[in-house]
Amino acid sequence: MNNEPRVNIIGAGLAGLSAAYALAREGVKSRLISLQASERAQSNLAEGGINAVLNVMDENDTIDEHFADTIAGGCNLANPDMVWALVKNAPDIIDLLIRLGVPFNKTDGRIIQRNFGGQKKKRTAFVKSSTGKMVTTALINAVRKYECNDLVERLCHHEFLNLLLSEGDNRCVGVSIRDIYSERDISLPGPVIICCGGLNGFFHEMTTGTTANTGNAAARLFLQGVEFSNLEFIQYHPTTVGIPQKRLLISEAARGEGARLFHEREKSRVYFMEDKYGPEGNLMPRDVVSREMALLPDNTRVYLDMTMLSKDIWENRLSDLRDELIKHLHKDPSLKPIPVRYGIHYFMGGIMVDESHRTNIEGLYAAGECTCAYHGANRLGGNSLLGAIHGGISSANSIIKAEQLSTYNVENFIDKKISGMSDYEVFLNRSLSEILLSGLSILRDENKLSESLKKIEELFQSNHSEEFEGRLLLGKAMLESASKRHESRGAHTRTDYPKSDDKYLCNTISVYKDDSVSVSFRHI
Amino acid sequence: MKKNISILRRKKNEASGYIEEFEYNMKSDEDTVASALFDIAARIAVEGKRPLVWEHSCLQIKCGACAMVICGKPQLACSAKLKDLPDKVTIEPLRKFPVIEDLLVDRSVMRERLKNMQVYHEKDAADSGDESTYQSMKCLQCGICLEICPNYYGEGNYAGMSGMSAMAQILSKAPDKTGTRTKQLKKNYYKNVYEGCGKSLACRDVCPAGIPMDDLLSRMNAAAVWGRSKSLL
């Protein structure tokens, strides 16, 4: 390994790969640092597609409408300038992906786009229901080209330990990582891009994500003073199924292709979404659908009926989804409705970044699901792959513009180590998870939130590592953010404050400073 | 139902391992080997013993992290249902890769081989071959096909079927069907895949991603070795 200054990218999923690719094509050297290979990243699990205005479906779609749908889906909480940059870049991203070899579904040589939740036009390009896997594989191949000429150095089986901070902790000069095979710690100079994914590990076994997304990197960053934003906005996806140790996603693409949600009342089917919202009800944004499901009487069983989908759809557009459900549930979705329940799927909040993907610490950037960037109070399906790629490229471009790698130096640098979690803390972590799940369920109120905050204070009294302290602090920040937002907006539903209040058209900002968590509001 | 889980464990930097046995009470018929390993790892943690080390990520047969040898057969721990296995379930690390600790193996040789084979598009991919690209891009790079292959020893040039799938991703979309770059990739394919493959087809039934291995291999050989078919390219 070379200790020269390079851009240090933490996480080798889609955001990290995109950043490495964008840097390398401009001749800028990076290190792609991850615990596992890119094939293990959560990006591979994304199913339904990626949004962009391509105007191939004869619907006169416009970038303005992609912008408007994204802003409305996010309940006006997303930064409009950032969303505009995202949707404007989307067609170029699809063009790039085609050039990198993504085999998008086509008809007569022309890309097909499907309907997706919260969007009025067919705007979601896809590869059956394996879009994330295909896009990630194409990016892995693209980055390999630059691994061969050393513009990208891959450090798999390396764990993020901490940032190397100088100038009163306001400037990041590098990163400290550990080789988990040799257990050797290494300090590396250069700006850092965090692409560590969402906070799945805070919600043990209750998300559609991967176990690799522990949230430990986020906890360590929070301890080091990195600002997080909008942590109260957690996306519950309406159609998931429990399988051992996790929730299995049934892609929104199923409803995009025509599947319907219903429950049974006195032996007849109630299409509750269509009854309330009209024929397009099944494709309302995820926050709306999940909330409607949560509001049904206890023990109401909701089903997803996919039996009406045509042979062509099953064979050419959703074949992999059907295979997956047969494999895991032993049920053929083309024959019988599948019982579904909402499950945690995405974190709209995360590391606060500006339009250039800079954080509050100089030299530190972030991209992908770990950031609070494009999705406001609720993310639209098909915007996550887009956000990860656009974020990775944007952070790379900002670094190319603003940073001089040769000025980075970590020699003689005193590294403030953060002690790691030991194995027994896994149980403390499960307690934390239960506390968070109870406070941050779909329907929230002050009683539940303050009860959870009280319980988290008890956990602070336990004997634990600094890393777990970081987890507790970040967990507390999530609860406090939810507690302070006295309104309902997007994925944040307060039964005691059921209406949106424009007074709260602000981001919550969480930061650990002077030994305590502070949560405040800041204008978008 | 109770299962006896027998794990071949190994400490870091030690040449040989030891077998440790655990009881696992199944919670449901859907429990997998991964369910048992999580449970065992947690119990070991409470007892303060050396943690059980294994790689896991998606738990839904989409990432290839948890490949290991279960009852003699290489497979993903998240796909191996306990109810389909005998009362005594033996678990070992993949044998064709260096063991780091317990069930964790170092599969970086797979990535290095793909670099040597230049598995990437030099220029823009062609707008063709979508179905072959899709089938080959399903590859998880998990190493299960290499584990079962009688011709793969972990050394030398042979990249096995994971190398074949990766090369198919590129050749199926090669923009210059007869150009120098394509010729070089075909040469690399010949040297790193075709020459090493003994056609045992042991890999056919083990791929967790369900890649149609026979079909893809035949197409690759026809196009890249025999120059018989233009369908893949």
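Everything numeric here is computed off the predicted structure, so don't read it as measured data.
- In this structure, chain B has no heavy atom under 4.5 Å from any part of A:Glu425.
- Both the backbone and the side chain of B:Gln141 come within contact range of chain A, each with at least one heavy atom under 4.5 Å from a heavy atom of that chain.
- Among B:Val119, B:Leu59, B:Asn116, the residue making the largest number of heavy-atom pairs under 4.5 Å with chain A is B:Val119.
- Interface remark: B:Ser108 contributes no atoms to any contact with chain A (heavy atom separation under 4.5 Å).
- With a threshold of 4.5 angstrom between heavy atoms, A:Tyr181 approaches chain B through its backbone and through its side chain.
- With a 4.5 angstrom heavy-atom cutoff, A:Thr208 touches chain B only via backbone atoms.
- Cation-pi geometry between A:Arg144 and B:Tyr120 is not met: the NZ or CZ atom fails to fall both under 6.0 Å from the ring centre and inside 45° of the normal.
- Residue with the most contacts toward chain A among B:Ile61, B:Asp127, B:Asp106: B:Asp106 (heavy-atom pairs, distance under 4.5 Å).
- A salt bridge between B:Lys83 and B:Glu30 is absent, with no side-chain N of the basic residue lying under 4.0 Å from a carboxylate O of the acidic one.
- The SG atom of B:Cys66 lies 12.5 Å from the CG atom of B:Leu104; values are rounded to the nearest 0.5 Å.
- Using a 4.0 Å cut-off between charged side-chain N and carboxylate O, B:Arg111 and A:Glu39 make no salt bridge.
- In terms of heavy-atom pairs under 4.5 angstrom with chain A, the leader among B:Leu114, B:Thr32, B:Ile44, B:Ile170 is B:Leu114.
- With a 4.5 angstrom heavy-atom cutoff, A:Lys145 touches chain B via backbone and side-chain atoms both.
- Salt-bridge check for B:Asp39 with B:Lys27: passed, with a basic side-chain N closer than 4.0 Å to an acidic carboxylate O.
- Taking chain B as the reference chain and counting heavy-atom pairs below 4.5 Å, the highest number among A:Asn44, A:Leu45, A:Val426 is found for A:Leu45.
- Applying the 6.0 Å contact sphere to CG of A:Asp312 captures more than 12 heavy atoms from other residues, nucleotides or ligands.
- The 12-atom threshold is exceeded at CG of B:Asp84, counting heavy atoms of other residues, nucleotides or ligands nearer than 6.0 Å.
- Only the side chain of A:Ile243 comes within less than 4.5 Å of a heavy atom in chain B; its backbone stays farther off.
- Side chains of A:Thr210 and A:Asn213: a donor-acceptor N/O pair is present below 3.5 angstrom, by distance only.
- The greatest number of non-hydrogen atom pairs below 4.5 Å with chain B, out of A:Arg40, A:His330, A:Glu183, A:Arg99, is found for A:Arg40.
- B:Lys12 touches chain A through its side chain: at least one heavy atom from C-beta onward sits under 4.5 Å away, while N, CA, C and O do not.
- Going from atom SG of B:Cys63 over to atom CD of A:Gln36 covers 6.5 Å, rounded to the nearest 0.5 Å.
- Under the rule for a ring-ring contact (aromatic ring centres under 6.0 Å, His included), the partners of A:Phe468 that lie at least two apart in sequence or sit in another chain are A:His464.
- Using a 4.5 Å cut-off between heavy atoms, B:Glu47 makes no contact with chain A at all.
- For chain B, the nearby parts of A:Lys327 are the backbone and the side chain; heavy atoms of each come within less than 4.5 Å.
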